[in-house]
Amino acid sequence: GQFREGSGSMGINPSATLAAVRSHREMAVHAMDVDGRVEPRRLRRISLDEGPNDIVFLDERTILANNAYELVIADAEDGNVLRSASSVGRSFVFSPKHQRVFVGGSSSSAAAIAIHDSRSRTLEIAGSVARSPAAASDDRGLIETIALSPSEDTLATGSWNSEVRLWRVDDLMRANGGVGRPMTVPSVHLGNHRGWVSASAFVDDVRLLTAGWDGALIEWDLRKRAAVHHAYEHHGYITALTLDPERRRAATGASDGRIVVWFGLLPLALSLEDLRWRTEASTPATSTVRPYHRIGIAPTGPFAPACFIV
């Protein structure tokens, strides 16, 4: 929710010198010096209507974030919002290959994805709003998490109604039912969690990890279109999932106040069933347990690849 002070989402620029962090109705921009092991120093605040769920740096100083059901582009150096546009939801992923922003949300109770052209001065929706074929009886089709495959050809989404779906980027880009108008686009229903799907990440183009409020970390084989392993290490709902740059380690954070590091994510050898007893878990430092909402693994620096920023 928007009242989690100082938590919820985070973005780091390519050189790891700036971090943008969610706070209540704003983003706080911090200066960082990872190599010098200096604590982050807050530089400025960027005022918004609501704290963003997702934050991405497009380059060293340009921030892409969501502001409730809007997308915004802001300048980290001066704190100004440069562009904004309405969308269908609050979770997004940026594709450098296509120069598009894919926003997950809902339309008429079904899961929906809107495409925004990041090169456009207006940042408006670039085509039709793609909907899943099946509509729910309420708004629980809302997409909560969206992930892009390494080839940037496939999107995976997880929704409030527990569904995990796959979408072909080409199908989404070709949707031409009218700018901003809903249009049913084929998608693959992989399966379900036993509750809200809260996080997702591709290991490679044929393997996907998802996590949810059922406390499960699930490995999906996209060739089989099925779940192949379920792992349970947390004693609460999982709210954060990430992979290191080499995609050999994963980390999850949850409402139990613990971070679990998963080792052995090697090509052709991923087996969460084998890995579940090889995890390393943190212990909450205080008796007050607070969930982790975002985790990042540093690609460079003295702590790489085991530096987790939460």
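As the structure is a computational prediction, the values presented were derived from the model and not from experiment.
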If we check side chain to side chain contact (heavy atoms under 4.5 Å, CB included) with Leu209, which of these qualifies: Leu241, Thr242, Ile218? Leu241

Do Asp117 and Arg100 sit within salt-bridge range, that is, some charged N less than 4.0 Å from a carboxylate O? yes

Rounded to the nearest 0.5 Å, what separation is found between the CZ atom of Phe202 and the OG1 atom of Thr210? 10.5 Å

To the nearest 0.5 angstrom, please state how far the CG atom of Leu172 sits from the CD1 atom of Ile113. 5.0 Å

For the pair His116 and Phe92, evaluate side chain to side chain contact (heavy atoms under 4.5 Å, CB included) and give the outcome as yes or no after the intermediate values. CA-CA 10 Å; His116 296 255; Phe92 72 83; over 6 Å; no

Picking from Asn53, Val103, Asn67, what satisfies side chain to side chain contact (heavy atoms under 4.5 Å, CB included) with Arg90? Asn53

Heavy-atom nearest pair, Ser200 first then Ala147, reads OG-CB, 3.5 Å

Nearest heavy-atom neighbours spanning Ile55 and Ala65: CG1-CB, 4.3 Å

Tell me yes or no: between the side chains of Ser132 and Ser187, is some donor less than 3.5 Å from an acceptor? no

What I want to find out is whether Asp153 reaches Arg168 closely enough, with some N-O distance under 4.0 Å, to be called a salt bridge. no

Which heavy atom of Trp213 sits nearest a heavy atom of Ile238, and at what distance? CD1-O, 4.2 Å

Shortest non-hydrogen separation from Asp171 to Pro186 and the atoms involved: OD2-O, 4.4 Å

Using 30° and 60° as the class limits, which term best fits the ring planes of His230 and Tyr232: parallel, tilted or perpendicular? parallel

Distance col, row Ser86:OG vs Glu124:CD, nearest 0.5 angstrom, shows 7.0 Å

Verify whether one side chain among Glu152 and Ser95 offers a donor that lies under 3.5 Å from an acceptor in the other. yes

Please check: side-chain N/O of His30 versus main-chain N/O of Ala19, any donor-acceptor pairing under 3.5 Å? no

Could you go through the side chain to side chain contact (heavy atoms under 4.5 Å, CB included) check for Thr17 and Glu60 one step at a time? CA-CA 8 Å; Thr17 56; Glu60 288 296 329; 4.1 Å; yes

Could you report the tightest heavy-atom contact between Ala201 and Leu208, atom names first, then the distance? O-CD1, 3.5 Å

Run Tyr237 and Ser198 through side chain to side chain contact (heavy atoms under 4.5 Å, CB included) and show every step you take. CA-CA 9 Å; Tyr237 52 86; Ser198 53; over 6 Å; no

Let me see the working for Leu18 and Glu77 under side chain to side chain contact (heavy atoms under 4.5 Å, CB included), right down to the final yes or no. CA-CA 10 Å; Leu18 292 176; Glu77 295 293 336; 3.8 Å; yes

Working to the nearest 0.5 Å, report the span between CG of Asn13 and CZ of Phe57. 5.0 Å

Mind checking whether Trp196 and Trp160 have parallel, tilted or perpendicular rings, split at 30° and 60°? perpendicular

Leu222 side, atom CG; Leu190 side, atom CG - distance, nearest 0.5 Å: 6.0 Å

Around atom NZ of Lys97, are there more than 12 heavy atoms from other residues, nucleotides or ligands closer than 6.0 Å? yes

